[in-house]
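Take a look at the structure below.
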Amino acid sequence: MSFTLATWNINSVRLREPIVLKLMEEHAPDVLCLQECKSPVDKIPMDGFRALGYEHMVASGQKGYNGVAILSKIPMEEAGMQDFASLGHARHVAGRLENGVTVHNVYAPAGGDVADREVNEKFGQKLDFFAEMRDYFNANRPEKSILVGDLNIAPGEDDVWDHKKLLKVVSHTPVEVELFEDVRNSGGWHDVTRGDITEGKLYSWWSYRAKDWDTADKGRRLDHIWASDDIKNTHHSSRVLRDVRGWEKPSDHAPVFATFDL
DNA sequence: ATGTCCAGCAGAGCTGGA
């Protein structure tokens with residue numbers, strides 16, 4: 001059985017309901033994971049999503065900030081929420097699909113501007129979040145699982161527009177990248193996107209601040225899809241829908257898709 | 001990477017977060 005999953009930092013699900021619907025209509029992933037919903041769960045505009053076949057949702061929400069939701073055409077039950085680093089934020093939710101796959105949807109802290117936990121508390125929180133995530137999946141070995149989300153780290157040289165220029169920029173510092181690979185390796189996770197698209201620059205985020213994001217193309221690959229070791233060979237195609245970054249009133253992130261045969 | 005969006009609070013424009 002083939003199924004397609006997408007992850008997208010939507011930067012307010014209520015403001016961007018129209019383009020969520022557009023993505024659902026035009027690309028119809030079976031499962032759509034959203035981050036930065038910025039909405040309490042009961043104010044997520046489910047009616048339109050439901051009408052397009054997304055009848056199932058698990059979500060963790062809070063007013064104004066953060067928030068993650070998994071919308072699914074496939075029946076799904078809630079499979080827990082973790083508050084890594086005890087920040088009191090809605091940054092993780094998991095769902096177990098009827099096909100036996102567990103999906104973890106994560107919105108990692110951005111980490112502020114300065115890559116030094118002594119002067120920037122948010123950077124410390126980001127490091128703690130990943131360390132706890134590593135320990136959690138080390139203790140709870142993922143099986144038949146997919147982890148997606150805005151992890152706010154671009155690990156590879158080809159995951160940023162200029163590796164050298166970004167070495168001190170939060171999201172691409174060596175300490176973050178090392179921790180990122182620690183989390184991935186100690187959970188036995190496999191990088192699905194780079195497994196399918198091995199060559200060349202690949203981004204999923206372009207700042208709102210650039211005058212012409214498309215021409216300047218100063219992007220970073222912050223959004224990820226990982227698969228547990230036991231299903232790592234079941235994916236067969238991945239793509240970043242770059243065009244979506246140019247839609248009406250866009251998010252600053254483009255959705256990342258992966259298709260699996262299970 | 002030098003800028004632009006978003007939500008909350010309040011009831012206009014500022015603030016904090018990304």
Side-chain angles (χ1 to χ4, degrees), chain A residues 7-23 33-45 59-69 83-92 105-117 119-130 148-154 157 159-174 176-177 180 201 203-224 242 244-256:
Chain A
T7 179
W8 193 13
N9 178 316
I10 195 60
N11 187 15
S12 173
V13 69
R14 283 183 279 175
L15 190 74
R16 278 182 244 289
E17 180 187 1
I19 61 170
V20 174
L21 293 168
K22 183 175 159 81
L23 187 85
C33 299
L34 300 174
Q35 303 87 36
E36 276 204 274
C37 296
K38 296 186 174 177
S39 172
V41 173
D42 62 2
K43 296 204 167 132
I44 294 174
S60 176
Q62 64 184 93
K63 198 161 75 173
Y65 304 99
N66 310 313
V68 286
D83 181 14
F84 299 124
S86 303
L87 302 173
H89 297 170
R91 293 183 179 275
H92 170 266
N105 184 12
V106 177
Y107 174 52
D113 290 330
V114 183
D116 179 354
R117 68 181 309 151
V119 297
N120 170 21
E121 181 188 32
K122 288 190 188 126
F123 192 71
Q125 291 174 349
K126 184 177 195 177
L127 299 181
D128 293 345
F129 185 95
F130 278 96
V148 308
D150 176 4
L151 301 182
N152 266 312
I153 295 176
E157 294 193 15
D159 296 333
V160 294
W161 64 279
D162 189 320
H163 168 63
K164 286 189 178 170
K165 281 198 173 75
L166 288 171
L167 276 170
K168 292 183 176 172
V169 174
V170 172
S171 73
H172 192 61
T173 63
E176 288 170 273
V177 171
F180 180 94
K201 296 285 190 186
Y203 315 135
S204 64
W205 173 87
W206 296 261
S207 172
Y208 283 127
R209 297 171 194 179
K211 275 202 174 91
D212 184 342
W213 70 273
D214 194 25
T215 306
D217 201 20
K218 294 182 176 178
R220 305 177 204 169
R221 189 169 72 97
L222 303 178
D223 302 276
H224 299 272
R242 182 182 172 115
V244 173
R245 179 62 177 81
W247 283 1
E248 187 87 7
K249 284 190 70 170
S251 165
D252 45 355
H253 294 252
V256 181

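Below, chain A is the first sequence line, B the second, and so on; all start at residue 1. Just so it is clear, the structure is predicted and the values come from calculations on it, not from any experiment.
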Side chain proximity check, [X] to [Y], heavy atoms < 4.5 angstrom:
X: R117(A); Y: D128(A); answer: yes
X: H224(A); Y: T7(A); answer: no
X: S171(A); Y: L222(A); answer: yes
X: N11(A); Y: K38(A); answer: yes

Count the heavy atoms belonging to other residues, nucleotides or ligands that lie under 6.0 Å from CG of D113(A), then report whether that count exceeds 12. no

Let me know, please, whether W205(A) or L15(A) comes out on the 5' side of the other along DNA chain B by nearest nucleotide. W205(A)

Hey, which of these two, K211(A) or K249(A), hits DNA chain B nearer its 5' end, going by closest nucleotide?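 Looking at the nearest nucleotide for each, K211(A) comes out on the 5' side.
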
Heavy atoms under 4.0 Å, any strand shown: does [X] hit a base, just sugar-phosphate, or nothing?
X: S39(A); result: nothing
X: R91(A); result: sugar-phosphate
X: K122(A); result: sugar-phosphate

Using the [atom1] atom as the point on both nucleotides, what is the distance between [M] and [N], in whole Å?
N: dA1(B); M: dC14(B); atom1: C1'; result: 25 Å
N: dG17(B); M: dT2(B); atom1: P; result: 23 Å
N: dT15(B); M: dA10(B); atom1: C1'; result: 13 Å
N: dA12(B); M: dA7(B); atom1: C1'; result: 15 Å

Output, in order, the C-alpha distance, side-chain angles, deciding distance and verdict of salt bridge (Lys or Arg N to Asp or Glu O under 4.0 Å) for K218(A) and D162(A). CA-CA 8 Å; K218(A) 294 182 176 178; D162(A) 189 320; over 6 Å; no

The first and last nucleotides of DNA chain B lying within contact of chain A, meaning any atom under 4.0 Å from one of its heavy atoms, run from dA1(B) to dA18(B)

